[in-house]
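Quick note on labels: first sequence line is chain A, next is B, and so on, each numbered from 1. These values consider heavy atoms only, across backbone and side chains, with no hydrogens, waters or symmetry-generated copies.
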Amino acid sequence: MSDTPKIEVSRRGFLKSAGLTAATTVLDTATALAQDAHQAASHGAAVGPDAVPIKLHVNGQDHAVTVEPRYTLAETLRDHLNLTGTKVVCDRGSCSACTLWIDGTPELACMTLAVDAVGRKITTIEGLSHGEQLHPLQAAFIKHDAMQCGFCTPGMVMSCAALLKRNANPSLADVKHAVSGNLCRCGTYPKVFDATLDAAKHGTMSSHLLNLNPAKEG
Amino acid sequence: MNRFAFANCTTVDQALSELKDGAVLKAGGIDLLDLMKEGIVSPPRLVNIRNIGELRGITSGPDGLHIKPLSTLSEISEHSEIRRDYSALADAAGHAATPQVRNMATIGGNITQRPRCWYFRSSDFDCKKKGGSSRECHAHDGENQYHAVMNNGTCASVHPSSTAVPLLAMNARVEIASKRGKRTVKISDFYVAPEKDVINETVLQPDEIITEIFVPKPETGTRSAYQKYGEKESFDWPLADAGVVLVMDGDKCRRASVVLGVAAPTPIRANRAEEALAGATISEATARAAAKAAMQNATPLSQNGYKVQLFQTAIYRTILLAAGQIDRDPSAVG
């Protein structure tokens, strides 16, 4: 293999396995109807049980969507907004595969109702990269091969990226603590730790990380 | 999940008005959504209190600690004054569940969460805690390795809240509001034994909201600790846990509170351990003797005798940790 991996190809492979769909699809812009429902929901009037139009702020953009109050944020992102990077595994808050950021804090999409996420800033795995530019942690996950089946990966990345946002120079114990809720049955933890510590060391140089040859780094 | 209406409230008064006809409160939603997804509860309406500003915030004053019920476990575990003056509470909040759950779960929800007993949590069993017809507790003759080792005659579920353990050891009080007015309940009276009420674990009525949890200022010389022991290093309810508050005079203990969490259907004070420690010099020997005394009246079931020993270990090591004689036990979990 060449010393310089084909970035496009490996990236595509990574996207496929980790479910990192480049989320450029913005559904309908917020409608007046959604605004009304939002306001009703904010001022005590009950909505539902029938589907209710709401507006979700996801990855910097407003999305209008109509869901029953019983729909979780995870279901709504995946089934209505086609943002399938957020994975649902246990659907009980036990595995953290659905970890995303709400107002910058790692929370669980499976235990959040979509109607309860109105007015909050939601960041999913799709919102972590800037167009073609991967987040340094995503690049580090590729470099360190920090995934196998990939189901836990988006949640792992969101947990570790939140840690790096809070603490630019984490210790191994900090990383372990950050992913202490993220279950990986393939056992990729050591590589997740390596990737996160490496990303911390290399800061924002994601393309630089991608071009490094892991074998040479030892 | 069943279909339901969703009422988003921004004031306590608004929430109290919505809280009728089978409606239930939703704060962090962690325990409630779990129960709904399992079909254990199917409320027609959720009253969302998560956006009520007056139910948020932690203040530490000369009289003690005022914790509003929407404070998350993360906020409590990271609060500098709680870590310094109420460390057992910070320990318990910081070692519950996962980082993500701690970011969402509120203290109000944590102290009112329903038991984890698998017969209760499975819709296949007509457990009497769910109003079912079965007169016997299924755990008595069933799989009971995680069940109660004390006060387990009527219902053998264990109380799941870890923060309730230090709150009981610190004589916390719960302030409750309803349309009828406000009332304050000592946390020791907040929890109800299954012999009194097999269905509800607390005195909280369906039309009531917790508006504050108050912890009195500890006396000078007070030290506290909480540790839990379990099967997994993270995200698991404990198999044994202990919360210890010691009022120290040098090496001598003037007064002790020792509370056990998952020993019984409600968090319980280990009176015999407290008596053994009062006036004693804290050492490994006195800590072990207190731990043994605490478990003297244990009534383990067919598969959980090991918990009696595990509790003794949890108790004596947490006494020594509270006294500052050992570091946090590396075999403790969370």
Enquirer: Checking heavy atoms, do the side chain of B:Leu46, its backbone, both or neither come under 4.5 Å from chain A?
Expert: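 For B:Leu46, the contact with chain A is made by the side chain alone.
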Enquirer: Between B:Leu239 and B:Glu231, is any pair of side-chain heavy atoms under 4.5 Å apart?
Expert: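 Side-chain contact under 4.5 Å: yes.
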Enquirer: So what's closer than 4.5 Å to chain B heavy atoms on A:Ala162: side chain, backbone, both or neither?
Expert: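 Neither the backbone nor the side chain of A:Ala162 comes within 4.5 Å of chain B.
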Enquirer: Using non-hydrogen atoms and a 4.5 Å limit, figure out which bit of B:Asn103 sits close to chain A: side chain, backbone, both or neither.
Expert: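 For B:Asn103, heavy atoms of backbone and side chain both lie under 4.5 Å from chain A.
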Enquirer: If we define contacts as heavy-atom pairs under 4.5 Å, which of A:Pro106, A:Gly48, A:Gly155 has the most with chain B?
Expert: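 Highest number of heavy-atom pairs under 4.5 Å: A:Pro106.
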Enquirer: Does one side chain, of B:His95 or B:Arg328, offer a donor that lies under 3.5 Å from an acceptor on the other?
Expert: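 Side chains of B:His95 and B:Arg328: pair found under 3.5 Å.
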Enquirer: Which one wins on heavy-atom pair count under 4.5 Å against chain B: A:Leu183, A:Asp91, A:Thr105?
Expert: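 Heavy-atom pairs under 4.5 Å are most numerous for A:Asp91.
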Enquirer: Under 6.0 Å between ring centres, would you say that holds for B:Tyr146 and B:Trp118?
Expert: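 Yes, the ring of B:Tyr146 comes within the 6.0 Å limit of the ring of B:Trp118, centre to centre.
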Enquirer: Side chains of B:Lys307 and B:Val158: closer than 4.5 Å at any heavy-atom pair?
Expert: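 With C-beta onward as the side chain, the pair touches.
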Enquirer: Between B:Leu32, B:Asn2, B:Asn51, which has the largest tally of heavy atom pairs under 4.5 Å with chain A?
Expert: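 Greatest number of close heavy-atom pairs with chain A: B:Asn2.
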Enquirer: With a 4.5 angstrom heavy-atom cut-off, which part of B:Asp236 approaches chain A: side chain, backbone, both or neither?
Expert: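 For B:Asp236, there is no contact with chain A at all, as no heavy atom is under 4.5 Å.
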Enquirer: Can you tell which part of A:Glu68 gets under 4.5 Å to a heavy atom of chain B, answering side chain, backbone, both or neither?
Expert: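 Just its side chain gets close to chain B.
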Enquirer: Heavy-atom distance under 4.5 Å between the side chains of A:Glu107 and B:Gln100, does that happen here?
Expert: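 Side chain of A:Glu107 against side chain of B:Gln100, heavy atoms only: no contact under 4.5 Å found.
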Enquirer: Would you mind checking which part of A:Ser94 comes under 4.5 Å of any heavy atom in chain B, side chain (CB onward), backbone (N, CA, C, O), both or neither?
Expert: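 Looking at A:Ser94, backbone and side chain both touch chain B.
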Enquirer: Using non-hydrogen atoms and a 4.5 Å limit, figure out which bit of B:Asp34 sits close to chain A: side chain, backbone, both or neither.
Expert: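 Contact with chain A: backbone and side chain both.
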Enquirer: With a 4.5 angstrom heavy-atom cut-off, is it the side chain or the backbone of B:Arg3 that approaches chain A, or both, or neither?
Expert: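 Both parts, heavy atoms under 4.5 Å.
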Enquirer: Looking at B:Met36, B:Glu38, B:Arg102, which makes the most heavy-atom pairs under 4.5 Å with chain A?
Expert: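 When all of B:Met36, B:Glu38, B:Arg102 are compared, B:Glu38 has the most.
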Enquirer: Quick check: A:Tyr71 with A:His80 (ring centres under 6.0 Å apart)?
Expert: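 Yes, ring centres under 6.0 Å apart.
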Enquirer: Salt bridge between A:Asp103 and A:Lys121, side-chain N to carboxylate O under 4.0 Å?
Expert: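 The answer is no: the pair does not qualify as a salt bridge.
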Enquirer: Name the region of A:Thr72, side chain, backbone, both or neither, that has any atom closer than 4.5 Å to a heavy atom of chain B.
Expert: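 It is the side chain, since no backbone atom gets that close.
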Enquirer: Quick one: which of B:Met1, B:Lys37, B:Arg50 has the most heavy-atom pairs under 4.5 Å with chain A, could you say?
Expert: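 Looking at each option in turn, the highest pair count goes to B:Lys37.
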Enquirer: At a heavy-atom separation under 4.5 Å, does B:Lys232 approach chain A through its side chain, its backbone, both, or neither?
Expert: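 For B:Lys232, neither part sits under 4.5 Å from chain A.
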Enquirer: Report yes if some heavy atom in the side chain of B:His147 is under 4.5 Å from a heavy atom in the side chain of B:Cys117; otherwise report no.
Expert: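 They are in side-chain contact.
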Enquirer: Checking the side chain of A:Gln138 only, and the main-chain atoms of A:His135 only, is there a donor and an acceptor separated by less than 3.5 Å?
Expert: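 Yes, A:Gln138 side chain to A:His135 backbone: donor-acceptor pair under 3.5 Å.
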Enquirer: Please flag which part of A:Thr99 lies under 4.5 Å from any non-hydrogen atom of chain B: side chain, backbone, both or neither.
Expert: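 Contact with chain B: side chain only.
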Enquirer: For B:Phe125 and B:Tyr119, take the angle between the two ring planes, folded into 0 to 90°, and tell me which bin it lands in: parallel under 30, tilted 30 to 60, perpendicular over 60.
Expert: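 Plane angle over 60°, so perpendicular.
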